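Every value quoted in this text rests on a predicted model; they were computed, and no experiment measured them.
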Amino acid sequence: MTAQLTRRSLFTGALAATAFALAGCANDPATGSAPADRGGVEAAAAGERVSLASVAPAVGALAGSTEVTVSGAGFQGDAAVVSVQFGTEAAAAFTVVDDTTITLVTPAAYNFAVGAVPVTVTLDDGSQVVADAAYSYEVQTPVDAQMQYAFTYWQHYNLAEWGEFPDNDCGNFVNQTMLQRGWVQNEDWYSDYVATGDYSYSWIRGNQMNDYYASRPDTTRFEFDDRSQLKIGDVVMFDWDPQNDNGVDHTMMISKVTNNPDGTISIAMVGHTLDATYRDLDHAVTVEKPGGTAHFWSIA
């Protein structure tokens with residue numbers, strides 16, 4: 001099971017000389033289809049009030065959080081800027097510094113895919129200005145490597161290296177991604193399952209895995225309501241039936257943190273057993289497993 005997320009564009013005439021060279025027939029990252037024609041009649045309909053000239057830096061981390069400046073013209077015109085998207089993903093917040101400058105922190109790439117994406121500025125009248133292939137995502141950080149691995153093997157398991165623990169592969173998968181992040185196996189936390197069948201219980205069993213994470217100096221525990229402290233790549237430990245006092249039943253990783261307009265924070269997760277890329281935390285503990293709860297390990 002997976003909960004994938006998916007998202008007309010108009011471009012200016014008068015300032016086209018300073019705008020990006022458009023990428024033409026680049027596929028839409030959400031649908032895989034070629035984007036609609038952005039020229040002629042459509043561009044004229046947008047008016048000449050807004051244009052995009054550059055994004056700097058033009059390359060950033062796969063998991064987002066890169067500080068960038070979007071340059072152009074008309075950002076303080078008659079229609080206010082309401083969103084800035086990188087591919088299908090909107091920046092959580094942005095600042096219109098002046099008529100030619102917007103600053104923001106980039107969102108994570110959709111599905112943590114490496115490559116160039118269009119940058120889209122949307123105005124409150126519904127019109128949009130798009131610069132194709134204006135920003136490129138690449139693997140720059142340990143979290144980038146972790147999440148790229150997770151989104152590569154969330155459904156098509158890396159059986160040759162790690163095998164599969166039937167009906168209980170969640171810890172095996174999360175720990176694989178932690179190696180990509182830079183952790184190193186040791187006598188307390190390891191798996192040689194494919195070669196010898198040997199492994200530590202901390203690799204596959206929830207309570208022992210939880211204890212190992214608690215023992216590390218680079219982890220911090222947060223509780224279910226501490227969502228403002230969480231970030232992509234952190235680990236979720238579920239207890240489906242806390243009344244039974246049997247501890248951790250399932251584990252996943254945070255793949256998206258969304259600050260909602262009403263002030264709440266939504267958490268999406270990637271993992272195995274129930275194979276998913278953007279499984280919703282609240283849905284998991286209210287609809288899928290009513291009465292369940294979770295705590296988190298934030299990784300430094």
Side-chain angles (χ1 to χ4, degrees), residues 62-63 112 139-224 226 229-242 244-255 257 267-277 279 281 284 292-300:
L62 204 59
F112 298 91
V139 175
Q140 294 185 342
T141 72
V143 178
D144 292 346
Q146 175 193 13
M147 300 311 293
Q148 184 186 51
Y149 182 92
F151 273 70
T152 299
Y153 293 110
W154 72 273
Q155 187 176 39
H156 302 291
Y157 292 16
N158 189 0
L159 299 176
E161 287 190 78
W162 299 105
E164 175 188 0
F165 292 84
D167 302 321
N168 189 26
D169 200 62
C170 58
N172 181 35
F173 182 58
V174 168
N175 288 319
Q176 291 170 43
T177 74
M178 299 310 296
L179 294 178
Q180 303 302 313
R181 186 162 176 155
W183 287 16
V184 177
Q185 295 186 77
N186 56 52
E187 62 182 8
D188 297 318
W189 179 76
Y190 66 90
S191 177
D192 195 34
Y193 184 62
V194 170
T196 67
D198 191 23
Y199 55 87
S200 64
Y201 284 159
S202 61
W203 192 268
I204 68 160
R205 292 189 177 176
N207 290 328
Q208 289 88 341
M209 179 176 168
N210 187 65
D211 289 343
Y212 176 72
Y213 278 54
S215 74
R216 291 185 61 100
D218 54 354
T219 62
T220 302
R221 177 169 170 150
F222 290 108
E223 303 307 320
F224 191 79
D226 295 333
Q229 305 298 317
L230 304 177
K231 60 191 184 302
I232 289 170
D234 288 348
V235 174
V236 187
M237 297 284 186
F238 284 101
D239 185 350
W240 296 137
D241 50 358
N244 291 337
D245 197 29
N246 59 354
V248 176
D249 297 301
H250 184 55
T251 185
M252 302 184 77
M253 290 161 296
I254 294 176
S255 55
V257 179
I267 303 295
M269 305 165 297
V270 57
H272 274 188
T273 306
L274 177 56
D275 299 340
T277 50
R279 186 183 185 186
L281 172 68
T293 188
H295 66 271
F296 312 94
W297 288 108
S298 183
I299 316 300

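Scanning all heavy atoms of the two residues, the minimum distance from Q180 to A145 falls at O-CB, 3.6 Å. Closest of all the heavy-atom pairs between A276 and W154 is N-CE3, 3.6 Å. Counting all heavy atoms, side chain and backbone alike, W240 lies closest to D249 at N-OD2, 2.8 Å. Across all their heavy atoms, N246 and N207 have their closest contact at O-ND2, 3.2 Å. Nearest heavy-atom pair across V236 and M269 is CG2-SD, 3.9 Å. Contact between H272 and Y153 at its shortest, heavy atoms only, is NE2-O, 2.8 Å.
Remark: the N158 side chain and the E161 side chain contain an N/O donor-acceptor pair separated by less than 3.5 Å. Judged purely by distance below 3.5 Å, without hydrogens or angles, the side chains of D234 and S298 pair a donor atom with an acceptor atom.
Cation-pi contact between R216 and W297: absent, since separation from the ring centre below 6.0 Å together with deviation from the ring axis within 45° is not met.
Annotation: Y199 is not in aromatic contact with W162 [ring centroid separation under 6.0 Å not met].
When side chains are defined from C-beta on, N210 counts as touching H295, because their heavy atoms get closer than 4.5 Å. For the pair Y149/T152, no side-chain contact is recorded, criterion being any heavy-atom separation below 4.5 Å from C-beta on. By the 4.5 Å heavy-atom criterion applied to side chains, K231 and I254 are not counted as neighbours. Contact annotation: the side chain of L62 never approaches that of M147 to less than 4.5 Å [non-hydrogen atoms, C-beta and beyond]. Counting only heavy atoms from C-beta outward, the side chains of T277 and F112 never approach each other to under 4.5 Å.
The CD1 atom of I299 sits 11.0 Å away from atom CG of L230, with the distance rounded to the nearest 0.5 Å. Within the model, atoms CG of N172 and OG1 of T251 stand 11.5 Å from one another, a figure rounded to the nearest 0.5 Å. With values rounded to the nearest 0.5 angstrom, D239 atom CG is found 12.0 Å from F224 atom CZ. To the nearest 0.5 Å, atom OG1 of residue T219 and atom CZ of residue F296 are 14.5 Å apart. The line from CG of L179 to OH of Y190 is 14.0 Å long, rounded to the nearest 0.5 Å. Within the model, atoms CD1 of I232 and CD of Q146 stand 10.0 Å from one another, a figure rounded to the nearest 0.5 Å.
Annotation for D167: atom CG does not count as buried by contact number, only 12 or fewer foreign heavy atoms lying within 6.0 Å.
Screening residues 190-214 for salt bridge (Lys or Arg N to Asp or Glu O under 4.0 Å), with sequence neighbours left out, gives no hits.
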For the pair D218 and W183, evaluate side-chain contact (heavy atoms from CB on, under 4.5 Å) and give the outcome as yes or no after the intermediate values. CA-CA 10 Å; D218 54 354; W183 287 16; 3.3 Å; yes
Mind running side-chain contact (heavy atoms from CB on, under 4.5 Å) on N175 and M209 for me, showing each step along the way? CA-CA 9 Å; N175 288 319; M209 179 176 168; 3.6 Å; yes
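Put simply, the side chain of S202 gets close to the backbone of D188: a donor and an acceptor are under 3.5 Å apart.
Each of Y193, Y201, W203 was evaluated against F165; a single residue qualifies, Y193, per the ring pair (Phe, Tyr, Trp, His ring centres under 6.0 Å) test.
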